[in-house]
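Below: the structure, in structure tokens.
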Amino acid sequence: MNVAVVLLTTGLVIVVALLAAASAAVLARLDGATYPVALSRAATAFATVITLAAAVAAAFAALLT
């Protein structure tokens, strides 16, 4: 049961990170940025969401143990 919850949560975080990255890239392109700049902003958004999720998971792990 715990493995399933971890896998589903990980999948959800990755999907949210991909949606944030795609949104950042689209907004950058609409703002007039070039494709490399838009890709860089998308990568930054993806990494930020993954880092935030890891920080929240570490905080919850510290509270629950």
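Because only heavy atoms are used, hydrogens play no part in the values below, and waters and symmetry mates are left out as well, while side chains stay in. Bear in mind the structure is a predicted one, so any value in this text is a computation, not a measurement.
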*With sequence neighbours left out, write down each residue that passes side chain to side chain contact (heavy atoms under 4.5 Å, CB included) with Thr48, or none if nothing qualifies.*
Thr44

Do any side-chain atoms of residues 15-30 form donor-acceptor pairs under 3.5 angstrom with protein atoms, and if so which ones, sequence neighbours left out?
{"from": "Ser23", "atom 1": "OG", "to": "Leu19", "atom 2": "O", "distance (Å)": "2.9"}
{"from": "Arg29", "atom 1": "NH1", "to": "Ala33", "atom 2": "O", "distance (Å)": "2.6"}

_Main-chain N/O of Pro36 paired with Ser40 side-chain donor or acceptor, under 3.5 Å_ = no

*How would you list, by chain and number, every residue that makes a side chain to side chain contact (heavy atoms under 4.5 Å, CB included) with Thr65, sequence neighbours excluded?*
none

_Within the 4.5 Å heavy-atom criterion, are Thr34 and Val37 side-chain neighbours or not?_
yes

*Please determine which of Leu7, Val13, Val6, Leu8 meets the side-chain contact (heavy atoms from CB on, under 4.5 Å) test together with Thr10.*
Val6

What side-chain donor-acceptor pairs closer than 3.5 Å can you find for residues 51-58, not counting sequence neighbours?
{"from": "Thr51", "atom 1": "OG1", "to": "Ala47", "atom 2": "O", "distance (Å)": "2.7"}

*To the nearest 0.5 angstrom, please state how far the CD1 atom of Ile50 sits from the CZ atom of Phe46.*
4.5 Å

